[in-house]
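All residue numbers refer to positions in the sequence shown, counting from 1.
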Amino acid sequence: MFTVSFPARPHARRWPRQWAVALALCAGTLGLGAHAQQPPQALTLDSALRLAEERSRQIVAQDAAAGAARAMAVAAGQLPDPVLKAGISNLPVNGGDRFSLTRDFMTMRSIGVMQEFTRSDKRQARAARFDREVDVAEAARAVALANLRRDTATAWLDRYYQGRMRDLLQTQRAELNLQIEGADAAYRGGRGTQADVFTARSALAQLDDRIIAQERQIATAQTRLARWVGPGTPQPSTVLPDLGSVRLDARNLEAHIGEHPQIALMARQEAVARAEADIAQSNKRSDWTVELMYSQRGPAYSNMVSLNVSIPLQLDQKNRQDRELAAKLATAEQMQAQREEATRESTAEALSLLQQWQSNRKRLALYDSSLIPLASERTQAVLAAYRGGAGTLSAALEARRMEIDTRMERLRLEMETAGLWAQLEFLIPAGHPALAASASTTTVDVKEPQQLSLIHISEPTRQEAI
């Protein structure tokens, strides 16, 4: 609350300015209050995916791994550091010249430098090996991103459908309240029985139990969603993505699976194994080491320079270098066989998911065309019989319960289908050339389900209690 003080008459000409300041402050405060009271914006699936990617530390870790491998690739391509050597040779330890650095002609103070000249092909092979490590880190990042997007979408869809189920139960609860009022009125008017009242109240208590259980499911789903997008996130938006189509095509599934992030990671790991085999191949040729040394003797003697060359002798190459190369090649073959087996398994799993998704979409169409309309018509028929005095309230409540169970089962099936869609949609990163080359997508059309409508009570009579 703001209080505006009016100045004395001598300052009457300043009133408009003070009024303007006070009104501006009030307007600003009201504007801030209105802004603070605005409801949080609903969380769309795209926003959830973006938040999850921004919060992910696994993506950051893989980026750091890629950066480390790039740095090592540069370092591996360089020559080894030169070695500085210093020492004393032939120092007497007894006699008259003991511990003298200048009196004996053989005593030398030496300083030198030694350099190993690694072959260029070997250095290139080592650098190439770390370049393949960069590819592995980038492929692991793609795996982490694909898993993150899939899990975030699954959590978002789970939270959305759990809320839909609660709304459906609450709609049924409002209907049961009307039924209880009608049963009470009919009992007080002598047109109904007390058993009808207890039956309606028992049905309401059972429905409240289901609502409480559903609230627990919502809290669990919200916790799983917050794991990816952060705590304090708003409720999911009511706008769903296009769940009726997926980017995978069963006819080109095997070609698509080759670009699955996990399969691509295994291919990059296989490339690392082959790069290590190249290093083993290059190790069959020895590197040279050159050493230059300057030796200083006493004043009466000449100084000396020494030049040494070292070459490792691979005398047992058959049992050392050749076997090392064979081991690296065998490892590469192992990685290739594992990748091919994983590709077959992933292809079968993806095809199974695709078939299950298509089957569920057909089942949803059956629910919309037959099961839900039949359940609704049965409820209407039982209600009509009850209004005409030929039925019981228990039968009417049972018919309504079966209808709500049918609608709940449809929501569960739709939630399961949406989970399958998330697994298929994020199986391969969007925009990948393997998907761009395939113009066709798998689509199954399903009509939106009809909403459960309330049946209002106009008069509290036994015949119109529902």
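A salt bridge links Arg400 and Glu403; the closest N-O separation between the charged side-chain nitrogens and carboxylate oxygens is under 4.0 Å. Under 4.0 Å is where a charged nitrogen must lie from a carboxylate oxygen, and between Glu416 and Arg412 no such pair does. A salt bridge links Lys284 with Asp322; the closest basic N to acidic carboxylate O contact falls under 4.0 Å. Between Lys328 and Glu324 no salt bridge is recorded (no basic side-chain N to carboxylate O distance below 4.0 Å). Salt bridge status for Asp135 with Arg132: present, with a side-chain N to carboxylate O gap under 4.0 Å. A salt bridge links Arg274 with Glu333: the distance from a Lys NZ or Arg NE/NH1/NH2 to an Asp or Glu carboxylate oxygen falls below 4.0 Å. Salt bridge annotation for Asp405-Arg210: present, with a cationic side-chain nitrogen under 4.0 angstrom from a carboxylate oxygen. Using a 4.0 Å cut-off between a side-chain N of Lys or Arg and a carboxylate O of Asp or Glu, Glu215 and Arg166 qualify as a salt bridge.
Put simply, CE on Met266 and CD on Glu340 are 10.0 Å apart, with the number rounded to the nearest 0.5 Å. Ser394 OG to Arg401 CZ: the interatomic distance, rounded to the nearest 0.5 Å, is 12.0 Å. If you take CG on Leu253 and CG on Leu427, they are separated by 8.0 Å, rounding to the nearest 0.5 Å.
The nearest pair of heavy atoms linking Ile428 to Pro261 is CA-CD, 4.4 Å. Contact detail for Leu265 and Ala139: the closest heavy-atom pair is CA-CB, 3.7 Å. Of all non-hydrogen atoms in Trp228 and Ala155, the two that sit nearest each other are CD1-CB, 4.2 Å.
Partners of Phe426 according to the ring pair (Phe, Tyr, Trp, His ring centres under 6.0 Å) rule, which considers only residues two or more places apart in sequence or in another chain, do not exist here.
Remark: side-chain polar atoms of Trp156 are not paired, donor with acceptor, to backbone N or O of Asp46 under 3.5 angstrom.
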